[in-house]
Q: 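Questions regarding the structure given below will be posed in turn.
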Amino acid sequence: MSRRSAKKRMLIIVNPYATTVSDRLKNLVVYALQGRFEVETVSTEAQNHATEIGREVRDHGYDVVVAFGGDGTLNEVANGLAGTDVPVSVLPGGSTNVVCRTLGIPNDVVDATEHLLALLDEWQPRRIDLGRADGRHFVFSCGAGIDATVVKRVDAHPRMKSVAGPYYFSWAAISAFYRQYMLNPVRLRVEADGEGAEGVTALCQNSDPFTYFSNRAVRVCEDVAIDDGALAVGVLKRAAQRDMPTLIARLFSAERPAARHRQIEHFDHVEGARIDSISETRDGIARPFPLQVDGDYIGEKTSVELGAEPGALTIVA
């Protein structure tokens, strides 16, 4: 057997619109990986294209499919390969790269490439869980309410997202809070494994942390891991300015997490949950709430079913 034929086959799905991805960087990464892998690349051309690619290559004999982009790119790849034995890995190309960091992959793409090369010496794919929001899988989080509103605003201005990074997210959060949630928020009813709570925002996590602000972990839910077979859900009961200082402080605290704040109702080890709008228009029609999965805005809903899918994705990290 020749050395070339012994190489593992790798498909890199590249999102050319991701924050830090460029043709030059892609070429450098491919050149480095070609030393030990048989590498092919394909670039996405539209939203959900990475999911279509993943589904198409399920039976093409790849030893690993790599998502090169942000968390949204990985989300799409995961939706295409969920339930298969095809291993997935990540190269960071987004603004936050939550899953990449959660899995222990370096947040710098050069370091992540070296990490991926080193994995060949101990090739040990493993299973992680996925969450599900109706028909859409998520790897680390799903949110209805304030965070989804923020994601919607940020996604509408990709250049500002790229230039200002976490500070633009902060501006969008403050703007959404004061312009919408202090005035007339959509109220939600959350049912989780037989228990209920009402509030203005609901977050469902498949892993910890919820996200990062620069290099600092932002924590909302607790007692959740990416391979424990369950989810955690946090519900913000009200949007009041007086609650924000103590709540924001807890988002960055490992010792006193937001889950224990007096305005957060927390459910851990959740197998299934449901979020419903309980706000109505003057005509008695349910008001929709925004929804995000893994940092991508996916539209408005009046209800959504959440569930855990243990061991649904094979990864190499």
Q: Do Met10 and Val66 have side chains that approach each other closer than 4.5 Å (heavy atoms only, starting at C-beta)?
A: yes
Q: Side chain to side chain contact (heavy atoms under 4.5 Å, CB included) between Phe68 and Val30: does it pass, once the steps are laid out?
A: CA-CA 11 Å; Phe68 185 11; Val30 170; over 6 Å; no
Q: Looking at every non-hydrogen atom in both residues, tell me the closest pair between Pro87 and Asp85 and how far apart they are.
A: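 Where Pro87 meets Asp85 most closely, the heavy atoms are CD-O, 3.1 Å.
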Q: Work out which heavy atom in Ala259 is nearest to a heavy atom in Cys221; give both atom names and the distance.
A: CB-CA, 4.3 Å
Q: Given the rule in the side chain to side chain contact (heavy atoms under 4.5 Å, CB included) test, do Asn206 and Val224 qualify, once you have shown the distances and angles that lead to the verdict?
A: CA-CA 7 Å; Asn206 184 47; Val224 60; 5.6 Å; no
Q: Looking only at heavy atoms, which two atoms of Asp129 and Ala225 are closest? And how far apart?
A: OD2-O, 4.2 Å
Q: Exactly one of Val29, Leu74, Val14 should register a side chain to side chain contact (heavy atoms under 4.5 Å, CB included) with Leu91. Which one does?
A: Val29
Q: Cluster question for you: counting only ILVMFWY and a side-chain heavy-atom cut-off of under 4.5 Å, with indirect links fine, are Val109 and Leu119 together?
A: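 Per the 4.5 Å side-chain linkage, Val109 and Leu119 are co-clustered.
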Q: For the residue pair Asn97 and Asp71, what are the closest heavy atoms and their distance?
A: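 Closest approach of Asn97 to Asp71, heavy atoms only: N-OD2, 3.4 Å.
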Q: Are Leu28 and Val42 connected in a single hydrophobic cluster, I mean Ile/Leu/Val/Met/Phe/Trp/Tyr linked by side-chain heavy atoms less than 4.5 Å apart?
A: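 The answer is no; the residues belong to distinct hydrophobic clusters.
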Q: Run Asp108 and Glu114 through side chain to side chain contact (heavy atoms under 4.5 Å, CB included) and show every step you take.
A: CA-CA 10 Å; Asp108 175 83; Glu114 292 179 357; over 6 Å; no
Q: With a 4.5 Å limit on heavy-atom distance, are the side chains of Arg36 and Leu116 in contact?
A: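 The answer is no, as the side chains (C-beta and beyond) never meet within the 4.5 Å cut-off.
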Q: Heavy atoms only: give me the nearest Cys142-Val293 pair and the separation to one decimal.
A: SG-CG1, 4.1 Å
Q: Could you check whether any side-chain heavy atom of Ser43 comes within less than 4.5 Å of a side-chain heavy atom of His49, counting everything from C-beta outward?
A: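 They are not in contact (no side-chain heavy atoms under 4.5 Å apart), so the answer is no.
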Q: For the residue pair Tyr297 and Pro290, what are the closest heavy atoms and their distance?
A: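 Reported closest heavy-atom pair: CE1-CB, 3.8 Å.
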Q: Is it true that Asn27 and Asp23 share a donor-acceptor pair across their side chains at a distance under 3.5 Å?
A: no
Q: Quick one: are Lys7 and Phe37 in side-chain contact, heavy atoms under 4.5 Å?
A: no
Q: Which is it for His137 and Leu313 under the side chain to side chain contact (heavy atoms under 4.5 Å, CB included) test, yes or no, and what are the steps along the way?
A: CA-CA 10 Å; His137 290 97; Leu313 188 68; over 6 Å; no
